[in-house]
Participant: 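The structure under discussion is supplied below as structure tokens; questions concerning it will follow.
What you see is a predicted model; the values in this text were computed from it and never measured.
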Amino acid sequence: GNPILEPDESTMSFGSFFNRETKFSSWVREGLVQSLILIGLYGEGLKITEMTLPQQWVDDTLKQLFDEADRDACISFDREMPLLAEASPVSFIKAVNASLAKDDRPIMAMFEEEKGLISPTSHHTGLLWALEGLAWDSDYLLDAGLILSKLDHLDPGGNLMNRPINSLTEIFKPWHYQTLSNFDDRMEALKEIANTQQETGWTLLLRMLPKYHGVGHPTHKMRWRMFDKSFDQTYTYKEIWDTHSYVVNMLISVFDNSETKLADLLEEVDSLSKTDRDKLLKFIETEIDNIKQTKYTAWHKLRNKLPHHRSHPDTDWALPE
């Protein structure tokens, strides 16, 4: 770990709270990890003695680091986590999955909130940035997406807006996706997430449907491993519409006849294209007798929606009678 050295209470001040020192230099720690990245990427040209496979050496070094990481060590990795993932994506992905598979899940300690000066804070932002950075690379999109979906399932929630589901949303957002993976690879990753983590997958799919006032936020990018890549994406309307249609099909395929999820579909139906809307309404019509309603959530949702549209018949967004 890298514990914070608490100042003497007699000299404690408002400013000293923001300038607390850690036992080990954060500059040195970052420099060491950046050195590992450069060795892995350019080690063959450096001709380091007794290092025939530089990237393998880096992978093995970080595997040892992660294997020995307890809860305190995971928390201390927050600042360096994006660089650790960039140094060895393979070791990082294996380590996170292994940690999540343990009974005590050491890496989830990063999500635990602790008292701050004004509000509680936690140490998981670096982990999310690491996964966002890997997701830009098509080789790691699926692994990063599945880990984020597992983290969302286990996420205890908290004050920080940086949550696993928000990272997933930004990565796959149809009109502002943040990965260099092509359409087919993105849809395959979505399908795997939806089938593996049903609740997270359902939420993610709903977030990918059209929104009248959508906002996009940039995700973290790797510093060295994609140095020669261009991140200027070209977003076409056709691809956006194709994504919406694919998502509608996936929502239909994973629908479990719950009245809550029926209400979710009815909430989104008016934002869809006419083709996708008709497909979804036809599906609901065929399934409605199989849906057991106890709280009549979907009934109330539809009851509120229809008068809203009927009250504004001349607008371009109103559903036809």
Participant: Can you sort out the partners of Lys94 under side chain to side chain donor-acceptor pair (under 3.5 Å), two or more places apart, ordered by chain and number?
Facilitator: none
Participant: Is Ile37 linked to Tyr42 within one hydrophobic cluster, defined over Ile, Leu, Val, Met, Phe, Trp and Tyr using a side-chain heavy-atom separation of less than 4.5 Å?
Facilitator: yes
Participant: Can you see whether Glu113 engages Ser122 through a side-chain donor-acceptor pair at a distance of less than 3.5 angstrom?
Facilitator: no
Participant: Tell me if a side-chain donor or acceptor on Arg277 pairs with a main-chain N or O of Leu272 at a distance below 3.5 Å.
Facilitator: yes
Participant: Inspect the surroundings of CG in Asp228 and state if more than 12 heavy atoms from other residues, nucleotides or ligands are less than 6.0 Å away.
Facilitator: yes
Participant: Does Leu128 reach the side chain of His124, with side-chain heavy atoms less than 4.5 Å apart?
Facilitator: yes
Participant: How long is the span from the CG atom in Leu306 to the CG atom in Leu266, to the nearest 0.5 Å?
Facilitator: 9.0 Å
Participant: Out of curiosity, Thr125 OG1 to Met161 CE, how far, rounded to the nearest 0.5 Å?
Facilitator: 12.0 Å
Participant: Is the cationic atom of Lys229 (NZ for Lys, CZ for Arg) positioned less than 6.0 Å from the six-membered ring centroid of Trp136 and within 45 degrees of its normal?
Facilitator: no
Participant: Is there a donor-acceptor pair under 3.5 Å between the side chain of Gln178 and the backbone N or O of His217?
Facilitator: yes
Participant: Does any non-hydrogen side-chain atom of His123 lie less than 4.5 Å from one of Glu114?
Facilitator: yes
Participant: Side chains of Lys150 and Asn97 only: does a donor on one sit below 3.5 Å from an acceptor on the other?
Facilitator: yes
Participant: Report, as yes or no, whether the 6.0 Å neighbourhood of atom CD on Glu44 holds more than 12 heavy atoms from other residues, nucleotides or ligands.
Facilitator: no
Participant: Look only at the side chain of Glu259 and the backbone of Thr294, and say whether a donor-acceptor pair between them is shorter than 3.5 Å.
Facilitator: yes
Participant: Under a 3.5 Å cutoff, is there a donor and acceptor pairing between the side chains of Thr243 and Trp175?
Facilitator: no
Participant: Within 45 degrees of the ring normal and closer than 6.0 Å to the centroid, is that where the cationic atom of Lys221 sits relative to Phe231?
Facilitator: yes
Participant: Is it true that the side chains of Thr179 and Ser181 contain a donor and an acceptor less than 3.5 Å apart?
Facilitator: yes
Participant: Can you tell whether the side chains of Arg186 and Glu192 come within less than 4.0 Å, N to carboxylate O?
Facilitator: no
Participant: I'd like to know if the side chain of Asp155 reaches the main chain of Leu151, judged simply by a donor and an acceptor atom lying under 3.5 Å from each other, with no hydrogens or angles considered.
Facilitator: no
Participant: Can you tell me if Glu170 and Asn166 form a side-chain donor-acceptor pair at under 3.5 Å?
Facilitator: no
Participant: Checking the side chain of His309 only, and the main-chain atoms of Leu319 only, is there a donor and an acceptor separated by less than 3.5 Å?
Facilitator: yes
Participant: So does Lys274 pair up with Asp278, basic N to acidic O under 4.0 Å?
Facilitator: yes
Participant: Atom OH of Tyr246 and atom CE of Met187: how far apart are they, to the nearest 0.5 Å?
Facilitator: 7.0 Å
Participant: If I take atom CG from residue Asp104 and atom OG from residue Ser99, how far apart are they, to the nearest 0.5 angstrom?
Facilitator: 7.5 Å
Participant: Taking side chain as C-beta onward, heavy atoms only, is Asp152 less than 4.5 Å from Gln197?
Facilitator: no
Participant: Is a side-chain N or O of Ser271 found less than 3.5 angstrom from the main chain of Pro210, in a donor-acceptor match?
Facilitator: yes
Participant: Distance-only, no hydrogens or angles: does the Arg225 side chain make a donor-acceptor pair with backbone N or O of Glu86 under 3.5 Å?
Facilitator: yes
Participant: Could you check whether Asp67 pairs with Lys63 (Lys NZ or Arg NE/NH1/NH2 to Asp/Glu carboxylate O, under 4.0 Å)?
Facilitator: yes
Participant: Are Trp317 and His312 an aromatic pair, judged by ring center distance below 6.0 Å?
Facilitator: yes
Participant: Indicate yes or no: at least one non-hydrogen side-chain atom of Val248 is less than 4.5 angstrom from one of Leu209.
Facilitator: yes
Participant: Determine yes or no for a side-chain-to-main-chain donor-acceptor pair under 3.5 angstrom, with Tyr177 supplying the side chain and Tyr235 the backbone.
Facilitator: no
Participant: Could you measure the distance from the CG atom of Asp264 to the CG atom of Leu206? Nearest 0.5 Å is fine.
Facilitator: 5.0 Å
